[in-house]
Undergrad: 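Attaching a single structure in structure tokens format; questions to follow.
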Amino acid sequence: MDVLTILDLLMFATACVFLLAGFPVAFTLAGTALIFMALGILLGGLSPSDLSALPSRIFGIMTNEVLIAAPLFIFMGVVLERSRVAEELLDEMGALFGSIRGGMGYSVLFVGTLMAASTGIVGATVVTMGLISLPAMLRRGYDPQLSTGLISAAGTLGQIIPPSIILILLSDVISNAYQKAQLEAGNFSPEPLSVGDLFAGALIPGLGLVALYAGYITLMGVLRPETCPPVNDQQAISPGERLIRVAGTLAPPILLIVSVLGSILAGITTPTEAAAVGAIGAVLIAGFRLCRKAETGPSTLPIIAAGLALIGLLALQGMFDLRLGRETVAGADQAA
């Protein structure tokens with residue numbers, strides 16, 4: 001085993017130790033990489049000239065249009081989390097399924113799936129469902145192990161169900177490795193591997209995980225019914241009114257999912273363009289909730305502002321060439 005392989009393994013183990021110790025992720029990753037780069041130079045496995053490739057690598061990442069989708073999807077997830085969409089979904093789905101055995105578990109799983117398909121990030125989903133669902137589940141007699149395990153499993157569905165931030169980051173690495181392997185095999189015109197291909201490949205396994213989790217809840221309800229009892233303290237309203245409330249709560253995130261994922265899988269837009277659509281949709285959903293929850297009466301200001309912003313973007317698109325991937329970009333186009 002050569003020096004670089006040993007340093008790779010040690011760097012990975014060191015990064016895990018620092019992360020588990022509670023150090024910030026950004027400082028841990030950057031600091032660990034710099035430390036082991038210095039060790040590699042001292043041990044002769046690397047050369048100081050290798051650092052000359054760092055600026056071009058950073059510039060390549062900054063100009064990679066595919067990776068722009070990552071902050072846009074993160075923004076979408078943060079907006080949905082801060083606008084309490086997940087909280088409202090959990091309340092309505094819990095009231096809908098709570099009367100059956102394991103109903104709150106099904107609600108957590110369903111909302112986790114919707115949030116995973118709406119946001120692509122894990123932290124916001126897990127924290128939101130943990131703060132809202134866990135106390136309610138424990139208060140109604142759910143087993144602590146089942147409750148925490150279900151919340152963690154449902155929250156981490158964002159790792160695999162598109163649009164996943166991990167898949168976006170992996171797409172760049174996998175695409176480069178795939179093209180290099182095809183060139184070495186003699187195929188000088190390989191088919192590109194896109195983020196949409198990864199999304200399409202991850203969709204069925206992700207939904208399969210959801211089905212397995214739902215089956216586990218059903219199995220626990222049969223074998224150990226005391227771990228997931230039915231809830232009988234829901235608000236007494238008519239089934240029709242309940243369905244209307246659930247439909248009104250589900251419609252915005254489902255429309256957002258169809259707009260984002262549907263456009264990617266159908267080949268209508270690139271993941272970056274779909275992420276921009278998702279970011280706008282999340283802002284519109286937050287504005288709609290603000291209009292509905294306004295204490296001084298409905299305010300349409302967020303919706304009007306979003307509409308004017310969209311008109312402004314369309315006007316810019318019509319008057320300027322906003323494609324930044326060109327070799328030469330005029331100053332007016334850059335400003336626009």
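All residue numbers in this chain count up from 1 along the given sequence.
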Undergrad: Does any part of the side chain of Leu138, heavy atoms only, come nearer than 4.5 Å to the side chain of Ser147, both counted from C-beta?
TA: yes
Undergrad: Report whether Leu256 and Phe110 are members of the same hydrophobic cluster (ILVMFWY, side-chain heavy atoms less than 4.5 Å apart, transitive linking).
TA: yes
Undergrad: Would you say that Leu39 contacts Leu10 through its side chain, given a criterion of any heavy-atom pair below 4.5 Å between the two side chains?
TA: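 Counting from C-beta outward, Leu39 and Leu10 never come under 4.5 Å.
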Undergrad: I'd like to know if Val79 and Leu72 are part of one continuous hydrophobic network [Ile/Leu/Val/Met/Phe/Trp/Tyr, side-chain heavy atoms within less than 4.5 Å].
TA: no
Undergrad: So Met220 and Ile217, do their side chains get closer than 4.5 Å, heavy atoms only?
TA: no
Undergrad: Can you get from Ile264 to Ile254 by hopping between Ile, Leu, Val, Met, Phe, Trp and Tyr side chains that sit under 4.5 Å apart?
TA: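 Yes, Ile264 connects to Ile254 through the hydrophobic network.
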Undergrad: Test of understanding: clusters of I, L, V, M, F, W, Y form through side-chain heavy atoms closer than 4.5 Å, transitively. Do Leu209 and Leu114 belong to the same one?
TA: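 Both belong to a single hydrophobic cluster.
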Undergrad: So do Met137 and Val108 actually touch side chain to side chain, heavy atoms under 4.5 Å?
TA: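 When only atoms from C-beta onward are counted, Met137 and Val108 do touch, with a gap below 4.5 Å.
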Undergrad: Within a strict 4.5 Å, meaning less than it, do heavy atoms of the Phe73 and Val260 side chains meet?
TA: yes
Undergrad: Counting neighbours of CD on Gln145 that are heavy atoms of other residues, nucleotides or ligands and sit closer than 6.0 Å, is the number greater than 12?
TA: no
Undergrad: Hydrophobic clustering (ILVMFWY, side-chain heavy atoms < 4.5 Å, transitive) - are Val210 and Ile100 grouped together?
TA: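 The answer is yes; both residues are in one hydrophobic cluster.
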Undergrad: Can you check whether Leu157 reaches Tyr213 side chain to side chain, under 4.5 Å on heavy atoms?
TA: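 A side-chain contact exists here, since the closest heavy-atom pair is under 4.5 Å.
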Undergrad: Is the side chain of Tyr142 donor-acceptor paired with the backbone N or O of Met104 at a distance under 3.5 Å, no angle test?
TA: yes
Undergrad: Report yes if the side chains of Arg140 and Pro229 come closer than 4.5 Å at any heavy-atom pair, otherwise no.
TA: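 When only atoms from C-beta onward are counted, Pro229 and Arg140 do not touch, as no gap falls below 4.5 Å.
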Undergrad: Given 3.5 Å as the limit, does a donor-acceptor pair link the side chain of Thr227 with the main chain of Arg224, or not?
TA: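 Answer holds: yes.
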Undergrad: Just so I know, are the side chains of Gln159 and Leu167 near enough to count as touching, which here means a heavy-atom distance under 4.5 Å?
TA: no
Undergrad: Are there more than 12 heavy atoms of other residues, nucleotides or ligands under 6.0 Å from atom CZ of Phe12?
TA: no
